[in-house]
Amino acid sequence: MAAYRKLPRAFYLRSTLQVARDLLGTILVRQIGKNRISGTIVEVEAYRQSDPASHSYRGRTKRNEVMFGEGGHLYVYFTYGMHFCSNIVTGKEGIGEAVLIRAVEPIDGIEWMKKKRKFDSHRKDLHNLTNGPAKLCQAFGFGRPEDGMDLLGNKVFIIRPAEERDFIISRSSRIGIKDGMKKKWRFFVKGNPWVSR
DNA sequence: CGACCGATTGACT
DNA sequence: GTCAATCGGTCGG
């Protein structure tokens, strides 16, 4: 592993909107034993504490505890009675903000992901593997045990790509929320096939 | 305590 | 396009 490419704590301690944009094009990595599961982040949404659509809006609770912790941790929550979604916590300890990872483009561990997603290995529509927040969570095997994991550890972390690729960042209002529709806090890589919808 | 509903997905008309 | 699945968080009484 190229340790020097791992995003440092300081990356996550900046403003949530800035972190959201800068996460596009970086690589989410999960190391499970000898298996490496990874993918390029291509779609995200920012959730700020002053935002009615954020879990942290009404204050600290057992569920959103991790959001209020130090930036650079993984916040995984359960929703719709059957799905998990994963976020990157931002800001200093005490600030409840995070960036929802909505889609990644797979790099390593594609067969592992297919197993987790209950995909037949012959399926060719790979975009369906990770083109949604609950889909990539399932593909990476993120659930309750992963809630709160430190992204500066060696199990789950984010790295810069070996070769920077140019891409255009588009933005829109966030998906699936009622409050905060006016805020264009969804950012994605224009034209990438793994972006949801 | 009961009712409502959600940062979604997959199956189906 | 519509809709059910399925359950924990949140809010009102």
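Treat the numbers as computed from the prediction; the structure is a model and nothing was measured. These values consider heavy atoms only, across backbone and side chains, with no hydrogens, waters or symmetry-generated copies. Just so it is clear: chains get the letters A, B, ... in the order the sequence lines come, proteins before strands, and each one is counted from 1.
Summarising the geometry, the separation between CE on A:Met181 and P on B:dG6 is reported as 13 Å, rounded to the nearest angstrom. In this structure, A:Ile177 places its CD1 atom 15 Å from C1' of B:dC5, rounding to the nearest Å. Here C:dG12 presents its C1' atom at 14 Å from CZ of A:Arg58, a figure rounded to the nearest Å. The CD-P distance, from A:Glu43 to B:dA7, rounds to 16 Å in whole Å. Rounded to whole Å, the distance from CG on A:Leu129 to P on B:dG10 is 10 Å. We find that NZ of A:Lys62 is positioned 16 Å from C1' of C:dT10, with the value rounded to whole Å. In this structure, the CG atom of A:Asp179 is 13 Å from the C1' atom of B:dC5, given to the nearest Å. Spacing between atom CZ of A:Phe187 and atom P of B:dA7 amounts to 19 Å, rounded to whole angstrom units.
Taking the P atom of each, B:dC5 and C:dC3 are spaced 16 Å apart, rounded to whole Å.
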Next item on the list: Fill in the dot-bracket string of DNA chain B, one character per base: . for unpaired, | for a pair to another strand, ( ) or [ ] for pairs within the strand, taking Watson-Crick or G-U pairs under 3.5 Å.
Entry: ||||||.|||||.
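A:Ala134 comes within 4.0 angstrom of the backbone, heavy atoms only, and of no base. Among the heavy atoms of the strands, none lies under 4.0 Å from A:Arg174. No contact: A:Arg197 has no heavy atom under 4.0 Å from any strand. Residue contacts for A:Leu100: at a heavy-atom cut-off of 4.0 Å it reaches a base atom on one of the strands shown. Nucleic acid contact for A:Lys178: sugar-phosphate only, since backbone atoms but no base atoms lie under 4.0 Å from a heavy atom of the residue. Here A:Arg117 lies in heavy-atom contact (under 4.0 Å) with sugar-phosphate atoms only.
For A:Tyr57, the OH atom counts as loosely surrounded, since its 6.0 Å shell holds 12 or fewer non-hydrogen atoms of other residues, nucleotides or ligands.
For A:Asn64 (side chain) and A:His55 (main-chain N/O), a donor-acceptor pair under 3.5 Å exists by modelled atom type.
In this structure, A:Asp51 pairs ionically with A:Arg174, as a charged nitrogen and a carboxylate oxygen lie closer than 4.0 Å. At a threshold of 4.0 Å, the pair A:Lys114-A:Glu111 counts as salt-bridged, since one of the basic side-chain nitrogens sits closer than that to a carboxylate oxygen. We find that A:Asp22 and A:Arg14 are joined by a salt bridge, their nearest charged nitrogen and carboxylate oxygen being less than 4.0 Å apart.
Checking B:dA7, B:dT9, C:dC7 against every side-chain atom of A:Met67, the shortest atom distance belongs to B:dA7.
For A:Phe142 and A:Phe84, the gap between ring centers reaches or exceeds 6.0 Å.
For the atom pair OG of A:Ser56 and CZ of A:Arg63, the computed distance is 10.5 Å after rounding to the nearest 0.5 Å.
Between A:Arg144 and A:His83, the one whose closest nucleotide on DNA chain C sits nearer the 5' end is A:His83. Positionally, the nearest nucleotide of DNA chain C for A:Met82 lies more toward the 5' end than for the other of A:Met82 and A:His55.
Considering all non-hydrogen atoms of both residues, A:Ala46 and A:Thr16 come closest at CB-CG2, 4.0 Å.
In this structure, A:Tyr77 does not count as stacked on the base of B:dA7 under the 5.5 Å centre distance and 30° plane angle limits.
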